[in-house]
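Each remark here refers to the structure printed beneath this line.
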Amino acid sequence: MPELETITETGEYILNVGPQHPATHGVMHLRIKLDGEIIESIEPVLGYIHRSIEKMSESLTYRQLIQMTSRMDYLSAHINNTGVALTIERALQVEVPQRALVVRTILAELTRLASHQLWWAATGLDLGAVTPFFLGFRDREVITTIFEEVCGSRLTMNYIVPGGLMEDIPNGFAERVNKFLIDFEHHLPEYDQLLSDNEIFLARNVGIGILSKEEALSFGCSGPMARASGLSCDVRKWHPYDLYSSLEFNEVLLTQGDCYARYKVRIREMYQSIRIIKQLINQIPEGEYQAKVKKIIKLPEGEYYERVETARGEFGVYIISDGKSSNPYRIKYRSPGFSNLASLSALATGGNIGDLVAIMASIDLVIPDIDR
Amino acid sequence: MSYLKDIYRSMSSMLSGMQLTGHYFMNFRKAETEQYPDNRLTLKMSPRFKGELTLLHNVQNMHKCTGCSACQLACPNGSITILEKRELTEDGKNKKRLQTFVWQHSMCTFCSLCVDSCPTGALKMEQRFEFTVADRKTLTKTLNKEGSQLAPDLR
């Protein structure tokens, strides 16, 4: 097999990064063709942790398949769960109580914050700075503790059920979140002070891995990745769900399209998330936390598609129901990570091998989301 | 001139970062990390923490499980199996009763759909989370205790 040889006939060196490599943040395999230090072509090899979640979901009921989505993009587990629940609710035309919507939106934004904090910590670590890792995880720990108190688990929460929430929020939830917000607003400028203006960090990020708006559109990029290239694609603005249509927040848009722009977009999104939570946290209405939905859910015959904005971009849920059984006939997830990874060859080709780590950190890869 | 400016800018950017590190070095607070294996005695998980699945028993060794299999149907992984038996009640009716509540720990994803689906509230996810065993077979657990019975108000 010629592809396994390390040096091709024309003299290029084939380098395999992964499947077990710290910079890939998971089991991903990259085959890179090198000419000296310059990347000639780069090809992600996927499938190492493919668990066939979509096929598995066909044999699960609508209540059961929600917990599967926590195992895809585990850093946006809560938002993924919301996506599936939203599709089922809109198909059944269930009205979700206001209290459940408010709590869902707060938890979704906390998830986004936690995800961006972990990304910031890992980006620093990838580029050789260890301190950001500790600072990022210090703040993330507070959020995961809040999740543990609310949902019972720190990462793969299964708190959303079709029609609302599984349990009511615990006492003192608002106080905990408020306290976190006060602390984190004080900590967020430290992120800039430590890393954003650092000369070494700038040298490794500014002008590296440029993605144009047209490329972002053609690869189907979404989330901070596309917004850094000037492509307005925030699902919360374009197709509002939960309470986002009534909230005040800005879609962060930059036009440079390089690694530093993607970094900046995520940092600024954290400020917007804080702004969203602040509008809601002191006005959680009293009332029901779950609408009445039948124990065994059967969707009417048809096709349903809904999308939500995870920390990485647009997460779409496509369900075909045959109207008879309590399982979906076919379910398809549109995960943001897969499309974002597709742009890797456009970002890295022609660049140095050393820049690859910075580029991969800026894509914010979560491999289980890519492989599903 | 711009060369010197560049040096000044880069040095000041790094010093501002080091200033933050120095700030935390001088003003250290209580450690955020938990010294996990050492703090076992004081470690308290939150009340909703999803740990080991338990069938709640009261002091008279009575549980609330009627053997309706709602949890078995709700479980996405098939980690719960309810074995039933027939029992004659005092008024002469032949009723279904729980014989064995089998929980296969190794298959559980801790989604707590079983707890959510239980009509009588017989199940709870307990705080215990240290599951390491030497033998895989011990992960198949019987949750109802020896000689336990259904609570009288549910009979």
Side-chain angles (χ1 to χ4, degrees), chain A residues 56-57 59-61 63-68 70-71 81 124 129-132 134-135 137-142 145-159 161 165-171 187 189-203 290 295-296 326, chain B residues 5-25 28-34 43-53 68-80 108-119 121 124-127 129:
Chain A
M56 230 192 295
S57 299
S59 60
L60 297 176
T61 66
R63 279 182 190 277
Q64 288 170 349
L65 61 87
I66 290 182
Q67 55 92 24
M68 280 290 184
S70 310
R71 271 89 187 162
N81 293 352
V130 185
T131 322
F134 295 116
L135 290 189
F137 268 75
R138 172 193 63 184
D139 299 326
R140 189 172 175 272
E141 182 62 30
V142 185
T145 314
I146 292 174
F147 283 152
E148 194 185 311
E149 275 169 13
V150 177
C151 322
S153 35
R154 293 156 63 87
L155 205 62
T156 52
M157 44 274 209
N158 182 30
Y159 191 55
V161 292
L165 310 168
M166 192 180 260
E167 287 177 278
D168 205 355
I169 49 170
N171 289 332
H187 288 159
E190 290 179 355
Y191 287 24
D192 282 331
Q193 190 190 347
L194 194 66
L195 202 59
S196 304
D197 304 326
N198 188 296
E199 186 62 25
I200 301 169
F201 186 76
L202 289 175
Q290 203 182 71
K295 275 276 174 198
I296 295 168
S326 57
Chain B
K5 258 185 194 164
D6 274 355
I7 292 179
Y8 173 73
R9 191 171 46 81
S10 50
M11 286 311 285
S12 63
S13 77
M14 276 185 229
L15 282 174
S16 81
M18 282 168 80
Q19 186 195 354
L20 183 74
T21 315
H23 169 76
Y24 279 115
F25 183 70
F28 53 86
R29 298 174 298 164
K30 187 182 126 288
E32 306 267 346
T33 43
E34 288 183 17
L43 182 66
K44 256 198 138 50
M45 308 308 288
S46 64
R48 285 187 185 177
F49 181 76
K50 291 175 192 163
E52 188 180 26
L53 183 68
C68 69
S69 310
C71 48
Q72 188 179 344
L73 289 172
C75 183
N77 322 297
S79 60
I80 295 175
C108 185
T109 55
F110 302 94
C111 63
S112 87
L113 282 171
C114 48
V115 181
D116 191 45
S117 71
C118 184
K124 191 180 182 295
M125 289 254 171
E126 281 289 356
Q127 271 71 27
F129 62 91

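A, B, ... follow the sequence lines: proteins, then strands. Residue 1 opens every chain.
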Evaluate whether atom CD1 of A/I296 has more than 12 neighbouring non-hydrogen atoms of other residues, nucleotides or ligands under 6.0 angstrom away.
-> no
Taking every heavy atom of A/D197 against every heavy atom of B/S13, the minimum-distance pair comes out as O-CB, 3.1 Å
B/T109 side chain near A/R71 side chain, heavy-atom distance below 4.5 Å | yes
Does any heavy atom of chain B fall under 4.5 Å from the side chain of A/V161, the backbone, both, or neither of them?
-> side chain
Kindly indicate whether the side chain of B/M14, heavy atoms from C-beta on, has any atom under 4.5 Å from the side chain of A/F201.
-> no
Contact origin within A/Q67 toward chain B - heavy atom pairs under 4.5 Å | side chain
Could you grab the distance from atom SG of B/C75 to atom CG of A/L60, nearest 0.5 Å is fine?
-> 10.0 Å
Per-residue tally against chain B (heavy atom, under 4.5 Å) across A/E141, A/R63, A/E167, A/R154 peaks at A/E167
Between B/M11, B/R9, B/M125, which has the largest tally of heavy atom pairs under 4.5 Å with chain A?
-> B/R9
Smallest heavy-atom separation, B/G17 atom then A/L194 atom, equals O-CD1, 3.4 Å
Using the side chain to side chain contact (heavy atoms under 4.5 Å, CB included) rule, take B/L113 and A/M166 through it: C-alpha gap first, then chi angles, then the decisive distance, then the call.
-> CA-CA 9 Å; B/L113 282 171; A/M166 192 180 260; 3.8 Å; yes
Please state whether the side chain, the backbone, both or neither of A/T131 comes within less than 4.5 Å of a heavy atom of chain B.
-> side chain
B/K50 and A/N158: which non-hydrogen atoms are nearest, and at how many Å?
-> NZ-N, 3.7 Å
Carefully, step by step, assess A/E149 and B/R48 under the rule salt bridge (Lys or Arg N to Asp or Glu O under 4.0 Å).
-> CA-CA 6 Å; A/E149 275 169 13; B/R48 285 187 185 177; over 6 Å; no
Exceeds 12 heavy-atom contacts within 6.0 angstrom, atom CD1 of A/I200 | no
Atom of B/S10, atom of A/E199 and distance for their closest heavy-atom approach = CB-CG, 3.1 Å
Between chain B and each of A/T145, A/D168, A/I66, count heavy-atom pairs under 4.5 Å; write down the option with the most.
-> A/D168
Do you know which of A/K295, A/Q193, A/M157 has the most heavy-atom pairs under 4.5 Å to chain B?
-> A/Q193
Tell me, with the steps shown, if A/L135 and B/L20 meet side chain to side chain contact (heavy atoms under 4.5 Å, CB included).
-> CA-CA 11 Å; A/L135 290 189; B/L20 183 74; 3.8 Å; yes
Atom group of A/Y159 that falls short of 4.5 Å from chain B, counting heavy atoms = side chain
